[in-house]
Amino acid sequence: MKLATWNVNSLKVRLPQVLDWLAAEQPDVLCLQELKLEDKAFPLAEIEAAGYRAAFSGQKTYNGVAILARAPLADVGCGIPGFADEQKRVIAATVGDLRVVCAYFPNGQAVGSEKFAYKLDWLRALTAWLGDELTRHPRLALLGDYNIAPDERDAHPDWQEEIHVSPPERDAFRALTALGLADAFRLFEQPEKSFSWWDYRMMAFRRNFGLRIDHILLSPPLAAACTGCHVDKAPRKLERPSDHAPVVAEIGH
DNA sequence: ATGGCGCATGGAATGCGA
């Protein structure tokens, strides 16, 4: 079974790339972030024609998340229960015996800003909810754009900003793994300077000036069955790419 | 210190992302 996550930075613009990628990679589950479109504009017909079903929660201009899956999606929920938020950042669904949570974590803008405080509040709420969710669903995967580079290896040495690498953000990431969730990427040997996002500017992709901020966290039974995890840089090389690349994890039976 | 690119909105210039 193949699980994947991809921040597409506008599903409207990236739909042809998403359809090509689905056809080529045949994931069982693909989580999308930054749809940047309202639900009425979601390209459901095209995705169903590609052999996938979809659960989605979108809004105009910003945010927006979706789970695409070959199998039916059950028990769909949007947002973090008990955390009032107009920003569409979380969607969860059960696919077979798997609980899939797709999340677009807040950017945070700058350490100490209002948006940074929101990021930390959001992370606290997410972590508390997932603690509950794990008791109900032992086979759980949290996929998405975390906007956190968990440790030193996950940021280019020349990354100057504090955002995405600050101690409070990394503490919040560790609070998630402390629930028992494993970073699928780090279950395996990986090339040095493996990243999942590269700025559009400064020829960042060509220089591999990036961050690893897109992650797949797996609960213990899934981590035990995980046979591989990698970043697929191919879509980042296309014309008009998203600034993020897909991350893929393979799970055995 | 700033902008640099791309996307959205709206129909130019601005906000935002990371």
Side-chain angles (χ1 to χ4, degrees), chain A residues 5-18 21 31-43 56-66 85-90 102-123 126 143-173 185 193-216 231 233-247:
Chain A
T5 179
W6 191 6
N7 179 324
V8 289
N9 184 20
S10 170
L11 184 57
K12 182 183 173 187
V13 173
R14 232 64 66 189
L15 181 62
Q17 293 184 17
V18 170
W21 196 80
C31 294
L32 301 175
Q33 302 87 38
E34 284 209 86
L35 307 181
K36 295 188 175 179
L37 45 77
E38 294 180 284
D39 288 346
K40 65 185 180 197
F42 188 87
F56 46 92
S57 176
Q59 67 185 91
K60 203 175 184 179
T61 310
Y62 302 115
N63 310 309
V65 285
D85 192 354
E86 291 184 1
Q87 302 186 34
K88 306 300 187 187
R89 297 183 173 277
V90 177
C102 169
Y104 174 46
F105 291 43
N107 173 303
Q109 197 168 54
V111 174
S113 67
E114 269 184 40
K115 288 178 180 175
F116 190 76
Y118 164 70
K119 182 175 192 173
L120 296 183
D121 287 345
W122 186 95
L123 276 156
L126 178 79
L143 304 92
D145 174 0
Y146 287 55
N147 273 315
I148 301 171
D151 69 54
E152 218 175 313
R153 297 170 292 177
D154 301 315
H156 190 282
D158 296 339
W159 182 256
Q160 298 284 344
E161 313 287 330
E162 278 299 308
I163 197 66
H164 309 302
V165 302
S166 73
E169 291 165 275
R170 287 177 167 169
D171 287 347
F173 186 89
F185 193 76
K193 297 191 174 67
S194 288
F195 305 125
S196 65
W197 169 85
W198 301 263
D199 201 303
Y200 283 120
R201 300 163 292 185
M202 305 175 292
M203 295 177 287
F205 184 66
R206 193 172 65 68
R207 296 191 294 126
N208 194 33
F209 182 75
L211 300 172
R212 191 176 73 93
I213 54 178
D214 300 271
H215 307 298
I216 299 176
V231 178
K233 291 168 77 168
R236 188 66 178 77
K237 301 172 183 172
L238 299 172
E239 293 287 322
R240 279 189 103 183
S242 168
D243 43 357
H244 295 253
V247 180

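Per chain, numbering begins at 1; letters A, B, ... match sequence-line order. What you see is a predicted model, and the numbers here were worked out from it, not measured in a lab.
The residue A/F105 sits apart from the nucleic acid: no heavy atom pair falls under 4.0 Å. At the heavy-atom level, A/D145 lies under 4.0 Å from the strands shown only through sugar-phosphate atoms. No engagement by A/E161 is indicated, since no non-hydrogen atom pair under 4.0 Å with the nucleic acid exists. When heavy atoms are screened at a 4.0 angstrom cut-off, A/N147 is found touching the sugar-phosphate backbone but no base atom. Residue A/K115 is in sugar-phosphate contact alone, with no base atom involved, counting any heavy-atom pair closer than 4.0 Å across all strands shown.
For residues 233-243 of chain A, the side-chain hydrogen bond (donor to acceptor under 3.5 Å, both in side chains) pairs, not counting sequence neighbours, are A/W197-A/D243.
Comparing A/K12 and A/H244 by the nucleotide of DNA chain B whose heavy atom lies nearest to each, the residue mapping closer to the 5' end is A/K12. Residues A/K36 and A/N7 both approach DNA chain B. Their nearest nucleotides, taken by heavy-atom distance, put A/K36 toward the 5′ side.
Think of the region where chain A sits on DNA chain B: with heavy atoms and a 4.0 Å cut, that region ends 5' and 3' at B/dG4 to B/dA18.
The CG atom of A/D214 lies 8.0 Å from the CG atom of A/N147; values are rounded to the nearest 0.5 Å. The distance from the CH2 atom of A/W122 to the CD atom of A/Q87 is 10.0 Å, given to the nearest 0.5 Å. Once rounded to the nearest 0.5 Å, the distance linking CD1 of A/I213 with NE2 of A/H164 reads 5.5 Å.
The gap from the P atom of B/dG10 to that of B/dG6 amounts to 23 Å, rounded to the nearest Å. Separation of the C1' atoms belonging to B/dA13 and B/dA1 is 23 Å when rounded to the nearest angstrom. A gap of 25 Å separates the P atoms of B/dC7 and B/dT2, to the nearest Å. B/dT14 and B/dA18 are spaced 22 Å apart, taking the P atom of each and rounding to whole Å. B/dG15 and B/dG11 have their P atoms separated by 15 Å, with the value rounded to a whole Å.
Here the closest heavy-atom approach between residue A/E169 and residue A/V111 is recorded as OE1-CG2, 4.4 Å.
Using modelled atom types, no side-chain atom of A/W159 and backbone atom of A/G210 make a donor-acceptor pair closer than 3.5 Å.
A/N107 and A/K119 form no side-chain donor-acceptor contact under 3.5 Å, judged by distance and modelled atom types alone.
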